[in-house]
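Got a structure for you, written out below as structure tokens; questions coming shortly.
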Amino acid sequence: MWAQGGVTDEDKLSRAQARTVIGRVFKMASPFRKTMLVAFLCVCVTTLCALAGPLLVRRGIDQGIRAKDSYSLNISVALYLVVAVVAYVFGRAQFLYLNRTGESFLRVLRLAVFRQMQRQSMAFYDRNKAGVLVARMTADIESMAELVQWGLLQFIAAGMLIIFALVLLATLSWQLTIVALLVMPLLIAASIKFQRDSNKAYLLVRERVGANLSALQEGITSVRVIQAYAQEGETIQKFTRSNRELFKSHEHSVRVSTWYFALIEFGGVFASALTIGIGGWLVHRGDITLGTVVAFTLLLSSLFDPVQQLSQLYNTVQSAGAALSKLFAILDAQPELAEHPGAVALPATGRLEVRGITFSYAGSETSALNDVSISVGVGEKLALVGPTGAGKSTLAKLMARLYDPQNGSVTYGDVDLKMATMSSLRERIVVVPQEGFLFNGTIRDNLRIAKASATDDEIDAAIAAIGATEHFATFPDGLDTEVRERGSRLSAGERQLVALARAALVDPAVLVLDEATSNLDPGTESEVEHALERLMTGRTVIVVAHRLSTIQRADHIAVIADARVAEYGTHDELIAKNGRYHALATAWQKSQATS
Amino acid sequence: MTSIESDSEVAARLEIEDTQRSEGWRLLREALTAQRRNLLLGALVGILWASFKVAVPQMTKYAINDGIEKNGPLLRWALIIAGLGVLTGVLSGMRRYIAFRESRWAETLFRERLFSHVLKLHVGYHDKAQTGQLMSRASSDLMQIQAFIVMIPITLSNVAQIFAVTAILFITDPVLAVIALIPLPFVNLSARRFSHRIHPASVAVQAEQAQLANVVEESVSGVRVVKGFGAEQVQFDKLEKEADDILRESMKAARIRSSFIPAIDVLPALGLVGVLGVGGHRVLNGEITIGDLVAFNVYLTLLIWPLRNIGMIVALGQRAAAALVRINEVMSTKSEIVDPIEPKRLVSSADGLVGAVKFDKVAFGYSAEYPVLRNFSVEIKAGESIAVVGATGSGKSTIARLLLRFYDTQSGHVFLDGIDVRKLSLKDLREQIGVVFEDTVLFNDTVRSNIAFAKPSADNATIERAAKLSGAHEFIQRLPLGYETVIGERGFSLSGGQRQRIAIARAIVADPRVLVLDDATSAVDPSKEGEIRDAMKTVMSGRTTIVIAHRPGTIALADRVILLDEGRVAAIGSHDELVATSARYREVLANMTAASDPERVTN
Ligand SMILES: Nc1ncnc2c1ncn2[C@@H]1O[C@H](COP(=O)(O)OP(=O)(O)OP(=O)(O)O)[C@@H](O)[C@H]1O
Ligand SMILES: Nc1ncnc2c1ncn2[C@@H]1O[C@H](COP(=O)(O)OP(=O)(O)OP(=O)(O)O)[C@@H](O)[C@H]1O
Ligand SMILES: [Mg+2]
Ligand SMILES: [Mg+2]
């Protein structure tokens, strides 16, 4: 968008990698093989037409004008006209077919990569920052669009043009061809150097553009905090610094291209000076004719322009190659949560059993869960409590197979979750995450995340279940209110209500609730609790609890501490034990107390 | 698009568009006048370049006629041409450098102006503005303008070149000149129409790409929700729709390209055909020389690029104009919340206890029809702490926003230390009010810079003290690089409770007269909250504090409690007083205790 492609050294593909990338592209593009073939034929025809033009001019001059044969001249003119028309027709077709192949390929690629990303476990999302994944799906794929629209075509055409032009020049005069070729190494050397320098310069620009855009975005999204602390001046100064850095990198990149294009311009004129000087001398010696010198000066640009084009295209091709290989890496990553070949549907009901699981997050040395076993019967309610960072949410996530344990197993009705079909798993076990992420769209849209097929009535019922009907009814657009970016139109509690209503919309056998530490006022909260109670009846519930009331509603309580189950039992049993739970409950009571 | 407009409406709309456009151009003109010296130099260089460029074929012709055919001083001619090569090379380099440098510089300054303007716009503007929209003002719209400025020196040299070449052609052979030139205006016309039509098409492609990016962004950021509910297919369907849209729009753009680009490529060839046909016969008739015919060919090729470029710049100009209108729309938006002309000064804190806050009959709503606060009055004494209690959406956070003067009241007044907040400079006011917002916003920077945000010059001792008071010091020390750890979106991820504690430390460093804690410990677990609460007592002593809270323990921190209901104060007093006098308050409390009543649950 800001400049053409660029590629870092580490991203550069080795020859073998490049071969596999190209091979896979062709395999993925095989459904469009026919259009691809037609496109290629069209490119060949138009390139040939481009070269035929000057040849016909020469024919007209030599056989028509020189030979004083006006019939032959007319033939040349007529042929030239035909060539022009053919070039036009095939030119159009070449665009359409090439774009159709390319864009269809990009569409297939988009869908495949996204599908594959969705198949990955949460661990994948921990490893890859959101920004990087978004970049794969956008910038990386779009970087190929340029190639698809122009690049490929120019690349083929330029290559063919160089070969044909060389052959043509050589047949006209080998002496002059040698002269022209003397300039070529210079041009090629300059082009290679330029390609390298501009690649480096571009990478710098890209990095600075990225930093600049981040600064811009951070400034805009954090404007409230910036204004609240009266730090506009400081923030603007910081932005200005990053902006000036960006300017410097642009300036550097212009400097790199300036000398190159100056040299190219000079080289073109210099080559014709050389041709005229040496060619003239050859004419004086009687080695070649004047017409040859003239044709040469005309044809030289057919040799120089494509070299220049190729060097510029090289970056684009390389960065597209790098992008493709990153995308293929995503496609190749074995989804950690892939469905097992012999996967079976989970039974309608059953015990949820955790047997000796050990789990640590990728890249962390300590385990988040250490040899944990726990069992929840049909219709039972289990509360997980414990200090921050103990592993409660982690256990909850493993019980719904958002991750797979490194050791041990989680079974439902004696079927290992690893052996279950994905669709039956997500149908039986639903997780309501701690943070209620709101998507762009209306309140209704946000509920439909939980159940795409939900009717308006079902949504109304879900809102009613958490007792928020009246509240949202006061909104000008009711449930059709746009929640704006990340739900910024709503108050903090309203956002939580929307997230909770999602849970009321689905009807799973097992509900895993990672309770949000509350943003709700006591009034609303008690309504929500009634709703939760209703939600919990008749199903198995695992709840990561932050409220005493929720805990007390549970059949069993597991205190998680230091990645283990430290205590397990009913409320009364644990209180009697006078251990961790007792201490925790006391602290809670204190926070609920008014003095 | 509105369906039917009356003539007068159309006229009015056109007039508005006209003034918008002229204001947009004024913006550009101002920017360019500041850089006029370099731009004029660029234009001069461009025109010089064009004249040397045109001289090359002339010299070539002389070299052929005189040097080769007449056995003249061949070497001299060759050297002259080579010398011209040096000149055109150097000049084209200079032209390029000046054009790009100046256009980037203009873009850079524009971006800075835009950013600082946006940053100072009132919060109400930002509520409605979309981040993506503002971002594209400062990136892609500015790029359009840059692309236009870069073309200015090039266009001038192109015009010069076209005039020179046309003149030479007519001098050589007027008849042939007419024939050769006939197709060329069509090149220009097609290039113009092409740019004109391809632009909306590529904008549409970009818009679809942006929508796809949104779907991806949401699916990735909200992956827990997506996976928790098994909503993969929902998101996939959304993505597939966007991918299909991109394909459709791209193919529309491709069709436009296919109907113009080959034509633009072929049209000049028609001129060459004409020259060969008609010119060839004229040579046969002895009316012109072969040399003339060859020169004609060369000159025609010299015309193709300039004509295409000029066609393009017309379209680029239109695009730049549209971008300028959009930018001007932002730049001409005046902040509705501005410093008063003669700001009053707050009494200095040396003169005794400061931080008195008063809301006097305040009415406010985010839109006029839906009031949030109506007739809200409360007086908070300097150094007092007060808790605000009320239902979700009752307007608690709104009170904090009004105190910061994020919005102005619709009626009534807000006072800080006896002065209407509208009579204070925004900086003075906001330096004295530290709000910990309910959504924690941290910057992509070190922990230290985040805590020292309000006072970048704060020393280590101050920062650590604040971190200790907010209960953050302990976990910060356990971070990989301690206080130097980069946090935020692209840095180390912290839990909600940890983020809140850093935000509290940030407010403590600001050392404000009035501290507002908007549900600031909601994500901190209760056992830890007790500790923080104890520390907060230190911070609150001698400072006006407004606590918005849902937990009884936090409410108890305050000297007095306000119960907010229906946009006004439903009850006010100490906790004990309210329990005694307010039925509504008892109701709220009952809910609280009910929620934690063990007896109710067992069956
Ligand atoms: N995605 C992750 N990647 C790496 N480490 C993680 C990740 N999520 C959690 N952890 C770490 O694993 C440990 C257990 O975290 P978990 O979220 O299960 O705690 P928790 O008991 O739910 O705490 P809280 O009550 O604060 O929600 C913590 O030390 C945490 O820092
Ligand atoms: N930027 C906004 N634009 C329009 N309406 C808004 C905006 N911000 C808040 N509202 C609405 O104004 C009302 C009051 O919001 P406010 O955030 O003050 O509530 P609150 O009392 O803080 O609630 P909570 O306890 O949930 O945080 C709510 O109904 C909310 O939907
Ligand atoms: Mg958790
Ligand atoms: Mg609020």
Side-chain angles (χ1 to χ4, degrees), chain A residues 60 65 73 77 80 84 88 91-92 95-96 99 103 107 110 114 118 125 130 133-134 137-138 222 225 229-230 232 236 247 250 254 258 262 265-266 269-270 273 276-277 280 388 426 431 433 437 439 449-450 452 491-493 517 521-524 526 548-549 552-553 587-588 591-592 594-595, chain B residues 63 68 74 78 81-82 85 89 92-93 97 100 104 108 116 119 213 216-218 220-225 228-232 234 239 243 247 250 254 258 262 266 269 273 276-277 280 283 391-393 427 430-431 438 441 454 522-523 525-527 550 552-553 556 591-592 595-596 598 601:
Chain A
I65 303 173
L73 175 65
V77 171
Y80 201 161
Y88 174 71
R92 285 193 73 149
F95 259 104
L96 284 178
N99 273 277
E103 296 291 345
R107 178 180 170 277
R110 280 188 177 106
F114 190 72
Q118 287 193 320
Y125 290 91
L133 292 179
V134 174
M137 278 297 295
T138 54
S222 315
V225 177
Y229 287 99
E232 294 94 331
I236 290 167
F247 172 72
H250 274 310
V254 173
T258 293
E265 176 110 23
F266 162 74
V269 181
F270 182 69
I276 285 178
T388 295
R426 296 275 178 256
V431 194
F437 185 95
F439 295 77
I449 286 292
S491 85
T517 42
D521 67 284
T524 313
S526 76
L548 207 50
S549 54
Q552 287 156 345
R553 202 167 285 147
W588 247 309
S591 99
Q592 303 275 309
T594 42
S595 57
Chain B
I68 304 180
L74 186 61
I81 295 174
S92 91
Y97 181 73
F100 274 96
R104 288 294 180 195
T108 302
S116 47
L119 217 54
V216 176
E217 203 273 331
E218 280 187 347
V220 172
S221 305
V223 66
R224 284 184 184 77
V225 174
F229 288 105
E232 280 95 344
V234 181
L239 186 102
L247 178 62
S250 300
S258 80
V266 165
V273 171
L276 184 64
V283 176
T392 283
K427 196 165 169 57
R430 289 173 180 173
E431 270 176 359
E438 52 199 349
V441 174
S522 62
D525 72 83
S527 52
H550 299 312
N591 277 327
M592 272 186 227
S596 51
V601 193

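Residue numbers begin at 1 in each chain, while the letters A, B, ... track the order of the sequences.
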Problem - Leading residue by heavy atom contact count with chain A [cutoff under 4.5 Å; candidates B/A231, B/G393, B/A213] - result: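 Among the listed options, the one with the most contacts to chain A is B/G393.
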Exercise for the section: Kindly say whether B/S250 contributes a backbone atom to a donor-acceptor pair with the side chain of A/E103 at under 3.5 angstrom? Expected result: no
Practice task
Would you mind checking which part of A/T138 comes under 4.5 Å of any heavy atom in chain B, side chain (CB onward), backbone (N, CA, C, O), both or neither?
Solution key: side chain
Completion exercise
Whatever's closer than 4.5 Å to a heavy atom in chain B on A/L96 counts as both
Problem - Contact class of B/L74 relative to chain A, heavy atoms under 4.5 angstrom - result: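 When you check distances to chain A, only side chain atoms of B/L74 fall under 4.5 Å.
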Exercise for the section: Any chance you could measure B/E217, atom CD, to A/M137, atom CE, to the nearest 0.5 Å? Expected result: 13.0 Å
Fill in the blank from the handout: Heavy atoms of A/A452 and B/V234 approach each other most closely as CB-CG2, 3.3 Å
Handout entry: Region of A/Y80 in contact with chain B, defined by heavy-atom distances below 4.5 Å
Key = both
Fill in the blank from the handout: Checked B/V283, B/V220, B/V441 vs chain A; the most non-hydrogen pairs under 4.5 Å come from B/V220
Fill in the blank from the handout: CG of B/L247 to CZ of A/R110, rounded to nearest 0.5 Å, is 9.0 Å
Problem - Separation between CD1 of A/I276 and CD1 of B/I81, rounded to the nearest 0.5 Å - result: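 Those atoms lie 4.0 Å apart.
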Exercise for the section: Taking all heavy atoms of B/G93 and all of A/A262, pick out the closest pair and write down the distance. Expected result: CA-CB, 4.1 Å
Problem - side chain to side chain donor-acceptor pair (under 3.5 Å) against B/Y97, all qualifying residues, sequence neighbours excluded - result: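 Side chain to side chain donor-acceptor pair (under 3.5 Å) check on B/Y97 returns A/E251.
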Handout entry: Listed partners of A/R92 passing salt bridge (charged side-chain N to carboxylate O under 4.0 Å, His left out), at least two apart
Key =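 Applying salt bridge (charged side-chain N to carboxylate O under 4.0 Å, His left out) to A/R92 gives none.
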